[in-house]
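Here's the structure, in structure tokens; my notes come after.
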Amino acid sequence: MSEVRQSAEAPPRFSPELVQAALAELRVYDSLRQDKLAFAPRDSGHVTMYFCGPTVYNYIHLGNARPFVISLVAKRFFESLGWGVTLVENITDIDDRIIAKGNQDGRSWKDVAEEFSDAYVEDTQRLGLGRPDIEPRATEHIPEILELIGKLVERKHAYPAGGDVYFDVSSFTGYGKLSKQQTGEMRSGARIAPDEDKHDPLDFAVWKGAKPDEPSWDSPWGPGRPGWHIECSAMSLKYLGAGFDIHGGGRDLIFPHHENEVAQSEAALGETFVRFWAHNGMLLTQEEKMSKSLGNIFLLRNALEEYEPEELILYFMSSHYRSPMEFSRELLDEARQQVERLRNQFRTLGDYPGAAEADAPADEATLASLVQHQEAFVREMADDLNTAGALGEIFALTRKVNSALASRSLSQTAAETLRNALAELLYVLGLEAVTRVEFSLPEEIVEMAEERQRRRAARDFAEADRLRDAITERGYEVRDVPGGFKLVPLV
RNA sequence: GGCGACGUGGCCGAGUGGCUUAGGCACGGGUCUGCAAAACCCGCUACACCGGUUCAAUUCCGGUCGUCGCCUCCA
């Protein structure tokens with residue numbers, strides 16, 4: 001693509017009026033309390049968020065990308081209210097699956113973890129949303145993990161057995177509160193694997209004793225590695241402290257991952273672990289969950305070969321984060337059309353000649369619409385991050401702006417105001433790329449377009465059309481506009 | 001079986017006790033244009049089914065049917 005990608009502009013700060021409108025409505029759904037509740041950060045003016053990132057044994061797919069996108073959009077929204085945000089997103093780089101992948105490929109687990117950590121950062125980086133503030137690796141937090149396990153053992157919430165250390169589910173009365181599972185029900189279906197020494201089928205490993213040829217770290221309970229779940233507790237608590245604001249991740253993590261996190265964290269702390277649990281819906285392909293085990297996945301890196309980042313982001317923004325979301329090429333193609341519509345608006349705004357101030361009858365009404373849609377936008381976002389509703393407001397405003405633009409009844413200053421305001425809203429949704437319509441044109445193309453204009457003027461339409469086809473072949477579209485032409489790169 | 005969520009017009013997708021014809025895509029008609037594209041205007045106007053509550057229900061309650069997710073791989 002030839003359009004120039006500039007560096008991300010500074011996050012916008014909404015006007016006091018807009019911030020006030022948002023704060024009056026601000027509510028976030030909490031999976032634990034199963035209700036949308038008023039939200040204010042624990043630390044005044046500063047939001048603390050932790051989202052579960054990937055276990056790196058493979059490239060991430062679009063389903064994995066959803067929480068990443070959501071978390072960064074949430075961060076932008078909170079920042080636009082004038083708050084600071086610390087977003088932590090972990091990379092789990094030691095796990096059974098990583099070891100298995102290494103064995104399968106005949107290489108070290110470390111090699112696997114490094115390759116796919118790098119790939120994850122690279123792929124998500126290409127989305128252009130920026131990065132979480134902290135991206136801690138499990139293997140770099142073994143001391144914190146051991147400290148947490150030590151606390152659990154000391155408080156009799158965990159016990160060593162056969163080289164492993166297990167969390168004692170029966171010691172934590174709240175077990176099951178997040179996933180709404182009854183421990184009795186769960187026990188009836190659970191089994192203990194032959195090589196495990198846990199006392200209760202529901203107990204889970206916080207430390208796994210090393211078997212021959214497995215990676216291990218020293219610990220008071222013998223060499224081993226962290227169990228799944230404990231790294232997220234240790235790292236979120238290290239960077240955000242007990243009772244941080246929002247813990248997010250896919251719905252499918254509610255059990256066992258987050259349930260176990262709550263149990264071990266609160267057992268160790270003796271106080272509330274997280275204030276709001278935010279879980280995003282699954283991506284479905286043909287009504288079925290997109291999942292590595294089902295093999296119906298679309299890798300983010302493959303998607304980025306075919307689609308622009310903003311097209312993928314708009315696709316994600318077009319439905320509420322908690323809803324399950326159908327995935328298909330048709331929907332991505334539709335998102336592409338919508339991106340194009342937004343981009344066209346900025347193209348028009350970019351070289352809009354403007355009516356004379358005295359002759360701009362649409363100014364008043366359009367600027368009034370702007371205020372109305374801006375307010376509606378922040379209210380939608382404040383309502384549990386309703387990006388789909390917010391996007392609807394942007395498009396509603398887009399139509400009004402285009403309409404005024406088409407009739408040339410908008411002043412240059414009003415057009416400028418609208419352009420900046422729209423850019424601000426789009427930035428919050430991670431769609432600032434659609435505002436960047438500057439690009440460099442090869443001289444050859446410009447000359448061809450100019451020649452075509454001369455042919456048209458001479459009514460030599462056959463040659464004019466031939467030139468247009470030639471320009472199209474070189475990747476540009478010619479649009480005739482009053483008094484000239486416009487060249488636009490083809491999608 | 002237990003737990004959770006959901007069924008909106010051709011498709012996607014917000015939302016609400018009685019004017020949002022949300023919004024987008026697609027489609028049809030028109031304006032503009034040599035043609036085309038973009039843009040604008042107009043049209044297509046729904047709320048799974050059956051009861052109940054209500055002056056009024058797509059929105060509240062109950063039931064039926066259907067769908068999805070979780071119940072130790074899973075974003």
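In this structure, rA14(B) and rU20(B) make a Watson-Crick or G-U wobble pair, each of the two defining distances being under 3.5 angstrom. Across all strands shown, rG2(B) is found opposite rC70(B) as a Watson-Crick or G-U wobble partner, with both distances under 3.5 Å. Checking rC35(B) for Watson-Crick or G-U wobble geometry (two distances, each under 3.5 Å) identifies no partner in any strand. Here rC65(B) sits opposite rG7(B) as a Watson-Crick or G-U wobble pair (both hydrogen-bonding atom distances under 3.5 Å). When both pairing distances are held under 3.5 Å, rU59(B) makes no Watson-Crick or G-U pair with any nucleotide shown. Of the nucleotides present, rC42(B) is the one that pairs with rG28(B) by Watson-Crick or G-U wobble criteria, both distances under 3.5 Å.
Going from the P atom of rA37(B) to that of rG51(B) covers 50 Å, rounded to whole Å. Comparing the P positions of rA75(B) and rG7(B) gives an interatomic distance of 26 Å, to the nearest angstrom. The gap from the C1' atom of rU45(B) to that of rA36(B) amounts to 32 Å, rounded to the nearest Å. Nucleotides rC68(B) and rC12(B) place their P atoms 15 Å apart, quoted to the nearest Å. Comparing rU21(B) with rC3(B), their P atoms sit 41 Å apart, to the nearest whole Å. One P atom belongs to rG43(B), the other to rU33(B), and the distance between them is 24 Å to the nearest Å. To the nearest whole angstrom, the two C1' atoms, one in rC32(B) and one in rC41(B), are 11 Å apart.
For the pair Val488(A) and Arg479(A), the minimum side-chain heavy-atom distance is below 4.5 Å. Gln372(A) is listed as a side-chain neighbour of Lys400(A), based on a closest heavy-atom distance under 4.5 Å.
Of all nucleotides listed (rA75(B), rA39(B), rA14(B)), rA75(B) comes nearest to the side chain of Asn64(A). When the nucleotides rG23(B), rC40(B), rC73(B) are ranked by their closest atom to the side chain of Ala406(A), rC40(B) comes out on top. Minimum atom distance to the side chain of Ser291(A) is reached by rC74(B), of the listed rA38(B), rG34(B), rC74(B). Here the nucleotide nearest the side chain of Ala388(A), chosen from rA39(B), rA75(B), rA14(B), is rA14(B).
Within 6.0 Å of the CD atom in Gln104(A), the count of heavy atoms belonging to other residues, nucleotides or ligands exceeds 12.
Not a single donor-acceptor pair under 3.5 Å links the side chain of Glu380(A) to the backbone N or O of Val378(A).
Remark: P of rG69(B) and CE of Met282(A) are 10 Å apart, rounded to the nearest angstrom.
Applying the 3.5 Å distance criterion, the base of rG24(B) shares a donor-acceptor pair with the side chain of Glu334(A).
If you check the side chains of His229(A) and His258(A), you find no donor sitting under 3.5 Å from an acceptor.
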